[in-house]
Amino acid sequence: MIPILDSKRQYAKIGKELEKAVVEVMQSGQYILGKNNKEFEAEFASYCTTKYAVALNSGTDALHIALRALDIGEGDEVITTAFTFVATTEAIGIVGAKPVFADIDKDTFNIDPDKIEELITPKTKAIIPVHLYGQPCEMDKIMDIAKRHNLKVIEDACQAVGAEYKGQKVGSFGDFGCFSFYPTKNLGTMGDGGMLVTNDESLRNRAVALRNHGGAVRYYHDEIGVNSRLDEIQAAILRVKLPYIDEWNAARKANAEYYNELFKDCDDVVTPVELHDTKCIYHQYTVKIPARDAVHKMLVENGVGAMLYYPVPLHMQKVHKYLNIPENSLPNTVENTKLVISLPMFPELTREEQQTVAKTLMDCIKACK
Ligand SMILES: *Cc1c(COP(=O)(O)O)cnc(C)c1O
């Protein structure tokens, strides 16, 4: 079986370093909001070229706390994409706001900036672009729309640590950038973890208070907050891993290029599109194929751990039934949901494995015709 991701191979390379860092935390007696948290926040902010970073328990909390810190809630509308993981809109729902879906660009899978403005109403407060699969959104167009309509921008960069748009790191364009360190992400920890980045000091301070029971000073509480801290063990693990991220992203990119090469003469496999002047980090390598469901089933039966991200677009999920959005109102989203398949992708994937994946995929497509 060639898995979609094999975390054990990374552990085999840097396990000793990780074990040392974890033991040090265990021996220190300081397990929450200690030295590793502080240092990792500084290191991550520096990596993202933002002034501040606030470490949290998950990417979902990063999105939710960003909305809270921007005072977005009941009666407000937030424009985003339906072609993403549910956490993006879950956060909008948690604060009592309403998600409004713009269709995607069919080549990049990301929110189509040209579909945003027609959705803006007096209730619209923010845009949440999602850098899906590690592919940057068109941030200059999105920031321009936000500026002209006085909207906030919260980037969902949960799949895109290190991706760049026109030489600038994603997450550093908007009012907030949100990151996840869930184990399968391109910078994954060994539990849950997340991060907010921002250049605004008052937003940073508000997020710091919200993550720790709504108060900046211990036992003095100004508002209803949450318990969403990154524990010291996870912070220590992430501090070991962060210096490797560019190397790992480069390996993903090289693997993507090799897949492209393997599929070059196969018209049935539509390989990923990269926009000009972007750095994609290939959190996923996602292609479009005919007879997707049948091919997917056969691929898995033949030992290739391919996945469907995501099988149901968010406007068709039961949780969003109350919004009454017609399925065909987002044609590119619906069409791509039926075509996409993500192939094994991680830095340690070998050329031989990629050859097997590509050959098996092409054989399965032929067999399903
Ligand atoms: C993983 C993910 C999240 C949520 O992150 P968690 O750390 O699992 O809460 C949000 N948005 C996107 C696009 C994601 O891929």
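For ligands, and for the atoms within them, numbers begin at 1 and follow the listed sequence. The chain is numbered in sequence order, starting from 1. Just so it is clear, the values below take in all heavy atoms, side chains as well, and ignore hydrogens, waters and symmetry mates.
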### Pair Phe44 and Phe179, ring centroids less than 6.0 Å apart
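For Phe44 and Phe179, the ring centres are under 6.0 Å apart.
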
### Query
With ring centroids as reference points, do Tyr182 and Phe85 lie under 6.0 angstrom apart?
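No.
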
### Query
Using 30° and 60° as the class limits, which term best fits the ring planes of Tyr322 and His320: parallel, tilted or perpendicular?
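Taking His320 first and then Tyr322, their aromatic rings sit tilted (interplane angle of 30° to 60°).
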
### Query
Tell me, do Glu155 and His131 make a side-chain contact under 4.5 Å, heavy atoms counted?
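Of all side-chain heavy-atom pairs linking His131 with Glu155, at least one is under 4.5 Å.
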
### Message
In the structure I gave you, are the side-chain heavy atoms of Leu33 and Arg229 within less than 4.5 Å of one another anywhere?
### Response
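Yes, their side chains come closer than 4.5 Å.
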
### Task
Go through the structure and list residues passing side chain to side chain donor-acceptor pair (under 3.5 Å) with Tyr52, not counting sequence neighbours.
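If we apply the side chain to side chain donor-acceptor pair (under 3.5 Å) test to Tyr52, skipping adjacent residues, there are no hits.
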
Output block, N or O contacts of ligand 1, threshold 3.5 Å exclusive:
from     : atom 1 : to     : atom 2 : distance (Å)
ligand 1 : 5 (O)  : Ser180 : OG     : 3.3
ligand 1 : 7 (O)  : Gly59  : N      : 2.8
ligand 1 : 7 (O)  : Ser180 : OG     : 2.6
ligand 1 : 9 (O)  : Gly59  : N      : 3.4
ligand 1 : 9 (O)  : Thr60  : N      : 2.9
ligand 1 : 9 (O)  : Thr60  : OG1    : 2.4
ligand 1 : 11 (N) : Asp156 : OD1    : 3.3
ligand 1 : 11 (N) : Asp156 : OD2    : 2.8
ligand 1 : 15 (O) : Gln159 : NE2    : 2.8
ligand 1 : 15 (O) : Lys185 : NZ     : 2.8

